[in-house]
Q: 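Quick one: structure below, then a few questions.
Numbers restart at 1 for each chain; the letters A, B, ... are given by sequence-line order, proteins then strands.
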Amino acid sequence: MRNDMVPFRLPPLRSLLAPLTGLTLFLAVWQGVASQIDTTLGKFPGPVETWQQFTNLIEEYQQEKIREQKFYERQRIRNEKKLQENPNAEIVWREYRGMPTFFDKIRRSLITVASGFLLGSLIAIPVGLLIGISKTAYSAINPIIQVLKPISPIAWLPLVTIVVSAVYVSESPLFDKAYLTSMFVVMLCSLWPTIINTAAGVGSVTRDMQNVSRVLRLSPLTHLRKIVLPCTIPSMFTGLRISLGIAWMVLIAAEMLAQNPGLGKFVWDEFQNGSSQSLARIMVAVVTIGIIGFLLDRLMLLAQRWVSWDKTATLR
Amino acid sequence: MNPPLPHLELSQVSIEFPTPKGPFRALRDINLKIAKGEFLSLIGHSGCGKSTVLNIIAGLYQPTEGVVLLNDREVREPGPERAVVFQNHSLLPWLNVYENVKLAVDQVFRDKPSSWKKEWIEHNLKLVHMDHARHKYPAEISGGMKQRVGIARALAMQPEVLLMDEPFGALDALTRAHLQDSLMEIQETLKNTVIMITHDVDEAVLLSDRIVMMTNGPEATIGEILPINLPRPRNRLTLSKDPTYAALRAHVLDFLYAKQARRIEEGVLA
Ligand SMILES: Nc1ncnc2c1ncn2[C@@H]1O[C@H](COP(=O)(O)OP(=O)(O)OP(=O)(O)O)[C@@H](O)[C@H]1O
Ligand SMILES: [Mg+2]
């Protein structure tokens, strides 16, 4: 019995040594280089100033939360009073509309990228399957894809903005236009890698697999479900992962231009603001963008590993 | 004694493949009558068109001329009553051993209750001695094991005709001998009609009722049909000392290496 028990082990120190050394060196170089750069807004922020601004941003967030609580507290008391005076009084609950904090902006960015990416994938996967299965569809659609693919999504942004303004007119809009514009731009750029990789995945269905399906007389739908889809999934997820990476990069630029209150707008506002803290605050955003991008990629990698039937393939 | 009614018949079958250099006539005038329960081997040099014959019977290829009749009905498309064991097993890599067989069983025996299907799948895996590895994935088992699962999948369709394209081609001698013995055993009990392609003369003589020897392509056709009148059950060890066995073996070898010797100098391989 005792032999069966796997003792709990910390990751060996040696495996942490290299990444930690790398990180320390990076921070040292950053600090060193930063102190050499003088800007109109003071010295370029090093790791220390960046960390300070990060704690400031947390503090601002907490203060904002307290303000919000107080607002609702006041509102509750006011409404109770009203009811005491007149039980039939009309009660109005107002939403708190404070300044979005750094963390609200992170959330906004995540929601925008997720919705754009999902919408894009919902379009891209069926299109990829279609052009993978049908040669006719492939020759009809492939030239268009090849021309649209290299266009920077930012080039679309003015067009998307104008189209959204013209088409999306509603009395009480569920979504604001800045969000929609950014979301559509994200959607546009997350189409291509998914389409291309899904189609390539369909191409990996071998003649033998097709013959198995024909001998069994699988119906087209069963063929799609039992043969084509499972065969395509690893490649499809490779495409999805590339798409999400691009989507996150493009989102930041789109938010700057469309003024969607996410991380992109945060950077833009600080740039316009130009206070002595601005550079360090931008630096916080930059690091945050990097870390979130990394986490999103890890998430997709996990999904990719989970759905991949080829457990021997090394995914990294 | 009446000759048995032909169960499967190929009549004047020819096939042309379109190529950039114009149509390529791979087979011509194939005539063959096969009785129910017969074990037939197809032997011939590489590239002569054995797989093409099998694919035509399977319905995966359409002959340019002639017809294939199964129980007097023309074969026009593939179907599970003509199960195929493909040359390279062609298991689906995302399904485990059990699920690979299940795919076929679910399709062929749609109306049966699932408990019956489960038993049937297990029964067929037992036939090829693969029930112990039912949860393994194709990537986790050896070539011989994959081939056995391929055979189990084909048998589980309960086909009238079992078509096998070099089922033991890529295996080592020991595994091959073992699988040949299992195949003889299975065919003894199930009495399927079997058509098997092979490159191995010993295998052909050991397993077959008749050996169909094909001429070299292009325009390959049947050169000779050799009946193997060895009593069953056959045992490879006793047969190896049997003079009839030796004569039959020599006959096939003579056909392949004297009459149909590959004209390499004429560029057949090129
Ligand atoms: N789909 C196809 N299109 C064009 N030519 C084909 C096609 N399939 C087979 N051929 C040609 O037909 C001939 C016979 O091929 P086939 O695969 O039947 O040979 P084989 O006897 O099975 O060979 P091997 O023993 O090497 O498997 C070959 O010359 C091959 O090039
Ligand atoms: Mg072949």
Side-chain angles (χ1 to χ4, degrees), chain A residues 125 128-129 132-133 135-136 139 197-241 300-316, chain B residues 51-52 54-62 75-96 99-110 135-141 146-147 149-150 153-166:
Chain A
I125 292 172
L129 288 174
I133 291 167
K135 279 209 173 69
T136 321
S139 37
N197 280 280
T198 304
V202 177
S204 70
V205 176
T206 60
R207 180 180 281 266
D208 275 324
M209 295 175 189
Q210 266 162 354
N211 283 344
V212 168
S213 166
R214 288 178 66 198
V215 167
L216 285 173
R217 290 217 188 110
L218 298 185
S219 67
L221 201 69
T222 319
H223 176 70
L224 182 72
R225 224 159 35 86
K226 299 256 168 137
I227 313 274
V228 176
L229 267 182
C231 190
T232 310
I233 272 181
S235 177
M236 185 193 292
F237 269 76
T238 306
L240 288 172
R241 195 172 151 204
M300 286 307 289
L301 178 65
L302 279 182
Q304 202 179 357
R305 283 208 184 120
W306 189 65
V307 298
S308 173
W309 39 265
D310 191 1
K311 302 294 177 200
T312 52
T314 41
L315 296 169
R316 42 168 74 212
Chain B
S51 296
T52 309
L54 207 77
N55 282 330
I56 290 173
I57 300 174
L60 293 165
Y61 289 167
Q62 286 298 314
V75 165
R76 289 175 173 278
E77 53 168 359
E81 77 284 355
R82 280 162 284 123
V84 187
V85 177
F86 294 95
Q87 193 159 353
N88 45 354
H89 69 77
S90 65
L91 298 180
L92 303 175
W94 54 86
L95 299 180
N96 67 24
E99 292 162 338
N100 261 290
V101 180
K102 185 171 187 291
L103 179 74
V105 171
D106 280 345
Q107 186 66 16
V108 178
F109 301 102
R110 248 177 260 193
H135 296 302
K136 293 232 163 96
Y137 284 84
E140 300 166 348
I141 59 180
K146 279 182 230 178
Q147 209 50 268
V149 180
R153 176 174 64 187
L155 289 174
M157 299 180 208
Q158 218 166 41
E160 286 188 72
V161 184
L162 183 61
L163 303 168
M164 301 201 283
D165 194 344
E166 290 186 48

Q: Which heavy atom of Tyr137(B) sits nearest to which heavy atom of Trp94(B), and what is that distance?
A: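 Heavy-atom minimum between the residues: CE2-O, 3.5 Å.
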Q: Between Arg241(A) and Gln304(A), is any side-chain donor less than 3.5 angstrom from a side-chain acceptor?
A: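 Present: a donor and an acceptor within the cut-off.
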Q: Report, in residue-number order, which members of residues 229-237 of chain A are under 4.5 Å from chain B by heavy-atom distance.
A: Pro230(A), Cys231(A)
Q: Just by distance, no angles: are the side chains of Ser51(B) and Asp165(B) close enough, under 3.5 Å, to form a donor-acceptor pair?
A: yes
Q: Would you name the heavy atoms of Asn96(B) and His135(B) that are closest together and state the gap between them?
A: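 Taking every non-hydrogen atom into account, CB-O, 3.7 Å.
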Q: What pair of heavy atoms forms the shortest contact from Gly128(A) to Val202(A), and how long is it?
A: O-CG2, 4.4 Å
Q: Non-hydrogen atoms of chain A under 4.5 Å away: do they reach the side chain of Glu140(B), the backbone, both or neither?
A: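 The answer is neither part of Glu140(B).
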Q: Taking side chain to side chain contact (heavy atoms under 4.5 Å, CB included) as the test, write out the residues that go with Gln62(B), two or more places apart.
A: none
Q: Using every non-hydrogen atom in the two residues, find where Asn100(B) and Leu92(B) come nearest and quote the distance to one decimal.
A: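 Result for this residue pair: OD1-N, 2.9 Å.
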Q: Where does Ala104(B) contact chain A at under 4.5 Å (heavy atoms): side chain, backbone, both or neither?
A: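 Both backbone and side chain.
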Q: Out of Ser90(B), Pro78(B), Ala83(B), which one racks up the most heavy-atom pairs below 4.5 Å with chain A?
A: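 Among Ser90(B), Pro78(B), Ala83(B), the one with the most close pairs to chain A is Pro78(B).
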Q: When only heavy atoms count and the cut-off is under 4.5 Å, which of residues 153-160 of chain B reach chain A?
A: Arg153(B), Met157(B)
Q: What pair of heavy atoms forms the shortest contact from Arg217(A) to Arg82(B), and how long is it?
A: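 Scanning both residues, the minimum pair turns out to be NH2-NH2, 4.3 Å.
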Q: Find out whether Arg225(A) and Leu218(A) are in side-chain contact, i.e. whether some heavy atom of one side chain is under 4.5 Å from a heavy atom of the other.
A: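 Heavy-atom side-chain distance check fails, nothing below 4.5 Å.
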Q: Check side chain to side chain contact (heavy atoms under 4.5 Å, CB included) between Asn211(A) and all other residues, then give those that pass, not counting sequence neighbours.
A: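 Per chain and number, Asn211(A) pairs via side chain to side chain contact (heavy atoms under 4.5 Å, CB included) with Arg207(A), Arg214(A), Leu60(B), Phe86(B).
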